[in-house]
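Residues take their numbers from the sequence shown, with the count starting at 1.
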Amino acid sequence: TFDTSDGVKSVRFLDQKGILYYVTGTVGKVANTEQMELWKQQELKQKNDSHKLQLEAVHEDTYFSNMNDQVITVKRNLYDISRLENTDHCLGTLYLDISEDAINQNINNLDISENSGYYILDQSGNIIYKSDHQQRMTEKQSVELISKMNDNQMMIELEGQYYLCRLNTGGEWISVLSVPKDDVIKTGRKMETYIIFVLLGSSFFLLVIYFLFSRQFTKPIYALKQGMQKIQEGNLETRVEIKSTDELGTLADGLNQMADQLSIYINRVYGAEIKQREAELKALKSQINPHYLYNTLDVIRMTALESQ
C-alpha cells in the first residue's frame with residue numbers, strides 16, 4: 001500500500017508484452033481477475049504511441065472487487081530514454097486512478113458560486129470530468145466550445161453562460177470554468193457599488209485632510225493679518241505669535257521687531273518733544289515774570305499819582 005492523501009487510489013503499469021503490474025492504496029482491495037483481464041485486452045487493442053498525457057472520463061473502478069470507486073484515469077506511455085537512438089521505444093503504459101472525491105474537494109477549495117461549474121474536456125468535446133452535477137453543459141455545447149477555441153486561453157459566451165477555457169500544457173484536454181452571465185453582472189454591480197463607496201470614502205477623507213491642512217496653513221496668515229491691522233490702528237503692544245520656522249514665522253518675527261522698534265522710536269520722539277515743550281514753557285515763564293512785576297509796580301505808581 002501507499003499514501004492516498006493526494007487522491008491516487010491505485011497505480012497500474014501494462015508493458016508491451018501484456019504483463020500487468022499494479023498497486024493499490026486501499027487495504028483489502030482485491031483485483032477482479034475477470035474485469036482486469038477484460039480491461040487489459042481492451043487496452044492492448046487501443047495502444048497508441050502518443051508521448052502526451054491522456055485522460056479517461058470518470059468511471060467506476062470495476063477492475064477491483066467490491067469497491068466501485070468513481071475515478072479519473074490518467075495514463076501515459078513510458079519510453080526508454082537510456083539511449084538517445086532508442087527514445088521511441090515504448091516500454092509500456094502507466095495508469096493512475098485518481099479519486100473523483102479528491103478532485104471535487106480541490107474544486108470546492110476554489111470557492112466558486114453554486115451556479116458555476118468546472119469541466120475537463122478532451123479535444124473532441126467529450127466531458128471527462130464535471131463538478132456541476134446538474135449538467136448545465138451539454139455535449140453539444142462542449143463540442144461548440146471546442147470549435148470556437150482559437151487560442152490556448154479565452155473567454156467564450158454561449159447561451160447565457162461565460163466559459164473560461166484553457167488548453168492544458170500537454171495539449172490533450174481543456175479546462176473549462178463556467179459562470180452564469182447573470183452572476184457575472186451581479187458581481188460586476190457589487191464591485192461597481194464597492195468601488196463607488198471606496199471612492200466616496202476616499203474623497204471624504206481627502207476633503208477632511210484638505211480642510212485640516214488648509215486651516216493649519218491659513219491660521220497663521222489670519223493671525224498675521226490681524227496683528228498688522230492692530231498695529232496700523234496704533235496698538236503698538238500687539239505681538240503675533242507664530243511658532244513655525246517657515247516664511248510665515250519669519251514675517252511674524254519681522255513684524256514683532258518692527259513694532260518694538262517703532263514703539264521705542266515713538267517713545268524717544270514723544271519724550272524729546274515733552275522735554276522741549278517744558279523748556280519752552282520755562283523760558284516763557286522767565287519772560288513773563290519780569291513783565292508782570294513791572295506792570296504791577298507801574299499800576300501802583302499810576303494809582304499813587306492819581307491820588308495826589
Side-chain angles (χ1 to χ4, degrees), residues 5-9 11 46-59 70-79 81 87-88 90 93-196 198-199:
S5 60
D6 54 358
V8 178
K9 306 295 289 185
V11 179
Q46 297 177 355
K47 278 289 184 178
N48 60 71
D49 296 328
S50 175
H51 287 257
K52 296 182 179 179
L53 206 64
Q54 302 171 62
L55 295 180
E56 291 184 2
V58 177
H59 59 280
Q70 295 293 323
V71 297
I72 289 180
T73 300
V74 181
K75 63 181 181 178
R76 183 169 188 176
N77 293 330
L78 300 182
Y79 293 87
I81 58 173
T87 55
D88 289 332
C90 182
T93 306
L94 181 68
Y95 301 83
L96 299 179
D97 293 326
I98 302 176
S99 171
E100 184 185 21
D101 293 336
I103 298 176
N104 289 335
Q105 184 176 359
N106 290 329
I107 296 300
N108 292 334
N109 291 335
L110 295 177
D111 194 23
I112 60 178
S113 67
E114 295 181 357
N115 297 325
S116 300
Y118 179 78
Y119 303 85
I120 299 177
L121 312 178
D122 63 15
Q123 292 287 359
S124 300
N126 299 316
I127 299 177
I128 298 175
Y129 167 82
K130 64 179 185 299
S131 66
D132 178 12
H133 296 290
Q134 298 182 22
Q135 190 63 33
R136 295 185 180 87
M137 181 191 290
T138 64
E139 294 288 346
K140 179 181 177 181
Q141 290 174 331
S142 63
V143 173
E144 189 172 354
L145 285 176
I146 297 299
S147 64
K148 289 187 175 183
M149 282 194 66
N150 53 20
D151 198 358
N152 290 341
Q153 180 171 324
M154 62 182 304
M155 179 76 73
I156 300 174
E157 180 182 357
L158 183 63
E159 298 181 6
Q161 295 276 122
Y162 285 117
Y163 295 95
L164 178 58
C165 306
R166 180 178 180 182
L167 183 65
N168 288 72
T169 306
E172 292 294 328
W173 71 89
I174 296 96
S175 301
V176 179
L177 177 64
S178 68
V179 182
K181 187 175 180 180
D182 292 339
D183 287 359
V184 175
I185 294 174
K186 290 179 182 178
T187 303
R189 288 175 179 172
K190 289 181 181 179
M191 185 62 68
E192 182 180 355
T193 303
Y194 173 77
I195 292 174
I196 290 174
V198 170
L199 290 176

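Separating the CD atom in Gln70 from the NZ atom in Lys9 is a distance of 11.5 Å, to the nearest 0.5 Å. Taken from CE in Met149 to CD1 in Ile156, the straight-line distance is 6.0 Å, to the nearest 0.5 Å. The OH atom of Tyr163 sits 4.0 Å away from the CD atom of Gln141 when rounded to the nearest 0.5 Å. Within the model, atoms CD of Gln54 and CD1 of Ile128 stand 10.0 Å from one another, a figure rounded to the nearest 0.5 Å. Here the CD-CG distance, from Gln153 to Leu167, works out to 10.0 Å after rounding to the nearest 0.5 Å. Here Tyr119 contributes atom OH and Leu177 contributes atom CG; the two are 10.0 Å apart, rounded to the nearest 0.5 Å.
Residues Cys165 and Ile174 come closest through the heavy atom pair CB-CG2, 4.1 Å. Scanning both residues, Ser178 and Gln161, for their nearest heavy atoms gives CB-NE2, 3.7 Å. Of all the heavy atoms in Ile146 and Gly125, the pair that sits closest is CG1-CA, 3.7 Å. The two residues Lys181 and Glu157 come nearest to each other via the heavy atoms NZ-OE2, 2.8 Å. Summarising the geometry of Val143 relative to Ser124, their closest heavy-atom pair is CG2-O, 3.8 Å, with the distance given to 0.1 Å.
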Under the side chain to side chain contact (heavy atoms under 4.5 Å, CB included) criterion, do Glu139 and Ile127 qualify, and how do the steps go?
CA-CA 7 Å; Glu139 294 288 346; Ile127 299 177; 4.0 Å; yes
Yes or no on side chain to side chain contact (heavy atoms under 4.5 Å, CB included) for Tyr129 and Asn104, after CA distance, side-chain angles and deciding distance?
CA-CA 10 Å; Tyr129 167 82; Asn104 289 335; 2.3 Å; yes
Apply side chain to side chain contact (heavy atoms under 4.5 Å, CB included) to the pair Lys130 and Val176, showing each step before the final yes or no.
CA-CA 9 Å; Lys130 64 179 185 299; Val176 179; over 6 Å; no
Can you list the steps and then say if Leu164 with Val179 is a side chain to side chain contact (heavy atoms under 4.5 Å, CB included)?
CA-CA 8 Å; Leu164 178 58; Val179 182; over 6 Å; no
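With Leu55 as the fixed residue, the side chain to side chain contact (heavy atoms under 4.5 Å, CB included) test singles out one of Asp122, Ile120, Leu121: Ile120. Checked against Arg76 for a side chain to side chain contact (heavy atoms under 4.5 Å, CB included), the options Leu96, Leu53, Leu94, Thr93 give a single hit: Leu53.
Panel note: side chain Ser131, backbone Tyr118; a donor-acceptor pair is recorded below 3.5 Å.
Atom CE of Met191 is surrounded by 12 or fewer heavy atoms from other residues, nucleotides or ligands within 6.0 Å.
Contact annotation: the side chain of Glu100 never approaches that of Ile72 to less than 4.5 Å [non-hydrogen atoms, C-beta and beyond].
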